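Labels below follow one simple rule: chain letters A, B, ... track the order of the sequence lines, proteins then strands, and each chain is numbered from 1. This structure is a prediction, so every number in the text was calculated from the model and none was measured.
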2 protein chains.
Amino acid sequence: MSRSPRASDVAARAGVSRSAVSRAFTEGASVAPDTRTRIMAAAEELGYRVNYLARSLKEAAPSKLVALVVSDMDHSLRARLVDLLARRLVARGFRPVLLPWSQGDDPHRVIDMMLNYNVSGAIVTSDTPPGEISQQCARFGVPLVLVNKAPVDARAARVVQDTASAGRMAAELLHEAGCRRVLYAGQTRASFTIDDRRRVFCAALDDLGMTLAGEVTGPSQNHAGGMVAAGRYLAAKDRVDGVHCANDFLALGFIDGLRHAGVPRRDWPAIVGCDDIAEASWPAYDLTTLRQDPELLSEACIEALATRIAHPNSLAETRTISVAAVRRGTTRKTDID
Amino acid sequence: MSRSPRASDVAARAGVSRSAVSRAFTEGASVAPDTRTRIMAAAEELGYRVNYLARSLKEAAPSKLVALVVSDMDHSLRARLVDLLARRLVARGFRPVLLPWSQGDDPHRVIDMMLNYNVSGAIVTSDTPPGEISQQCARFGVPLVLVNKAPVDARAARVVQDTASAGRMAAELLHEAGCRRVLYAGQTRASFTIDDRRRVFCAALDDLGMTLAGEVTGPSQNHAGGMVAAGRYLAAKDRVDGVHCANDFLALGFIDGLRHAGVPRRDWPAIVGCDDIAEASWPAYDLTTLRQDPELLSEACIEALATRIAHPNSLAETRTISVAAVRRGTTRKTDID
DNA sequence: AATGGCGTTGCACACGTGTGCAGGTCCTCG
DNA sequence: CGAGGACCTGCACACGTGTGCAACGCCATT
């Protein structure tokens, strides 16, 4: 067999017109049960499959392709999110097309790819995507969902962490642990969510009668960045009793920095991270953190996208995902070494 | 503007035929430079983009979509691999469609999705994919690349870890550390690569004059599984001086299990993992392991796929990716606690 | 000036499918 | 027996693009 069979091949074999074949594979179309079974049998023998790309040429039937713009998949939470998004999209009959985008890449490349394959919609989870993507999507009528991004266009739906309660929660966890003077460790060029949470966190410190002893920001907010932050902390050690890190990787790196410097466990400051990645619960760290549930996050994204596709002209909504405090060892006093 | 502009709209605006527009957007087609610039200007004004789905209807021009069958993206190495594969595919003009597949899912669903969107090819990295996928791909002429899988079909290209040298390397690392009686920690239902490596490892132990004191296998080969393995190790503690874990997550869990049980650092057995995930280099673990370079792995996959697409009828080849020993703390004697 | 060649252009068909419309069949009811 | 309706089917067109073929214009060569 040189080329894959098409509807007319099936029609010839079943002794019907090509239209009948098309209708047999269309939900709710008008076909006699007898005819349908005969068509299906012929299709089975030939190994026929409907070509969705051809089907999607009719403007009424969208392509069902959804662009997933992603960066930094090495961040385990983001990888998990992509995994869940892909699963849910497939379950709803969509097909996720993975479009990696890194800082420095030309945004037009991503836009071109989306438009060339006239996707039904797009979900953007990469960090600091240029407003250009949002504008172009709006211009060409591509339904768009932004994850943890600042509002850039009224026609782009958003799913964002509840930073207002997250920031406050971080402060309260340190307060519970008896902290008075705390440090904030973050990134020089942070994301929208992190910036917003930091702002709320600082305000909450005041409310609770604590003081911000300082901020440590570096170029990276990964494990290595956390180790650097630990070095900076050690210089101000005696004036600080608690630390809030912008994310868990930073916090784990911070802990490894302390460990590397030989600081015994009982002398560690209270530490609160954010995200609750899998590693945070490992005994080596046992990190107190704020859980951002990727199940909820992904579900909200899919629903927002579906709404956006169904009502393209409605005003874009913003969905807020609440966070939960996960109390673990790094905010408990311990006697063990 | 209700619908997106098509080639005929651009043609009308530029005062040429639709064929001229098509040629203007086709590399190497015969168009006068003057005409081309006029067409491009008109296209720019209208925001016209070539519809690749329509283009791919012509059998000569393939869809450029490539299926990426993936499971367990929470495994950080696999997430990294998917990230790199997506980047390289995009760089070569392909579009990766992410198709998650988990143990228990119906393989026919994945096959249907691939054929419905008549993909140019497929890369399968999920664990233990049923032979059915390979057979169907071969039947319908879909170029296929299997990552770290057993050979199931002569027409499917494979990219596999060099298990022969990896297994031996693991044994040698333990030998270097002065081990005599070692334990193997793995999974009851392991993957092809892991099984093969284990086989070589056991044979190499004999060669080097070491003995296999036992095997610990559980249902899962993640961090939790490693902690369970540590419990089993402690029972046979005095008869064992080295451990090889099937992968790094298992090894890290093993270490956390020791830590949880209060075993001081200097009493740990020598430990060798496999993969060299990011966490392995963190000071909390400092794990000796075998590095499987995802850059090399992904590049080999793309090249194998490209070869397969270019010569669909050639015999499928198998590419072997070598591993490198990464010597770290868990195979060094230490005095610190 | 005639001829040949080359570069450019348009026509028409192909790719694989969905669907409005009209015609056909068959059943039911009056 | 006739009328009407419900159900099914095929024709023909549409979706947006690539490309073989032939025609055309222009230039250089003879």
Residue pairs passing the salt bridge (Lys or Arg N to Asp or Glu O under 4.0 Å) test where at least one lies in residues 37-50 of chain A, sequence neighbours excluded: A:R13-A:E45, A:D34-A:R38, A:R49-B:D112

Sequence-distant partners of B:D9, side-chain hydrogen bond (donor to acceptor under 3.5 Å, both in side chains), two or more places apart: B:R3

Interatomic distance, B:F25 CZ vs D:dT19 C1' [rounded to whole Å]: 17 Å

Pairs: protein N or O with nucleotides 23-26 of chain D N or O, under 3.5 Å:
none

Sugar-phosphate, base or nothing in reach of A:V21, heavy atoms under 4.0 Å: nothing

Donor-acceptor contacts, no H, no angles, side chain residues 14-30 of chain B, under 3.5 Å, sequence neighbours left out:
unit_1, atom_1, unit_2, atom_2, d
B:S17, OG, B:S19, N, 3.4
B:S17, OG, B:A20, N, 3.4
B:T26, OG1, B:S22, O, 2.7

CG-CG distance between A:L81 and A:L85, expressed to the nearest 0.5 angstrom: 4.5 Å

Distance, rounded to the nearest Å, where A:I39 contributes CD1 and D:dC8 contributes P: 12 Å

Between P of C:dC15 and CG of B:L57, the distance in whole Å: 10 Å

Reading 5' to 3' through nucleotides 5-11 of chain C, protein heavy-atom contacts under 4.0 Å coded B for base, S for sugar-phosphate only, - for none: ---BBBB

d(CZ, A:R36; P, D:dC8) in whole Å: 10 Å

side-chain N/O A:Y52 vs C:dG18 OP1/OP2, d < 4.0 Å: no

side-chain hydrogen bond (donor to acceptor under 3.5 Å, both in side chains) partners for A:H311, two or more places apart: none

Interatomic distance where NZ belongs to A:K58 and C1' belongs to D:dC15 [whole Å]: 6 Å

Selection residues 302-312 of chain B - residue pairs positive for salt bridge (Lys or Arg N to Asp or Glu O under 4.0 Å), sequence neighbours left out: B:E303-B:R319

A:R55 vs C:dT17: side-chain N/O to OP1/OP2 distance below 4.0 Å: no

Distance (rounded to the nearest 0.5 Å) between A:S4 OG and B:L115 CG: 8.5 Å

Euclidean distance, atom OH of residue B:Y48 to atom C1' of D:dT17 [Å, nearest integer]: 7 Å

d(CD, A:E27; C1', C:dG18) in whole Å: 15 Å

Selected nucleotide, minimal atom distance to B:T26 side chain, candidates D:dG18, C:dG18, D:dT17: D:dG18

Sugar-phosphate only, base, or nothing, as touched by A:R49 at under 4.0 Å among non-hydrogen atoms: sugar-phosphate

A:D34 CG - D:dC7 P separation (whole Å): 17 Å

End-to-end axis angle, where each axis spans five pairs of the helix from C:dA1-D:dT30 to C:dG30-D:dC1, to 10°: 50°

Pair A:R88 + A:E295, salt bridge at N-O below 4.0 Å: yes

With B:R92 via salt bridge (Lys or Arg N to Asp or Glu O under 4.0 Å) - residues at least two apart: B:E299

Salt bridge (Lys or Arg N to Asp or Glu O under 4.0 Å) partners of A:R158, counting only residues at least two apart: none

Ring pair (Phe, Tyr, Trp, His ring centres under 6.0 Å) pairs, two or more places apart, involving residues 70-96 of chain B: B:H75-B:F249

Set of side-chain hydrogen bond (donor to acceptor under 3.5 Å, both in side chains) partners for A:Q292, sequence neighbours left out: A:Q161

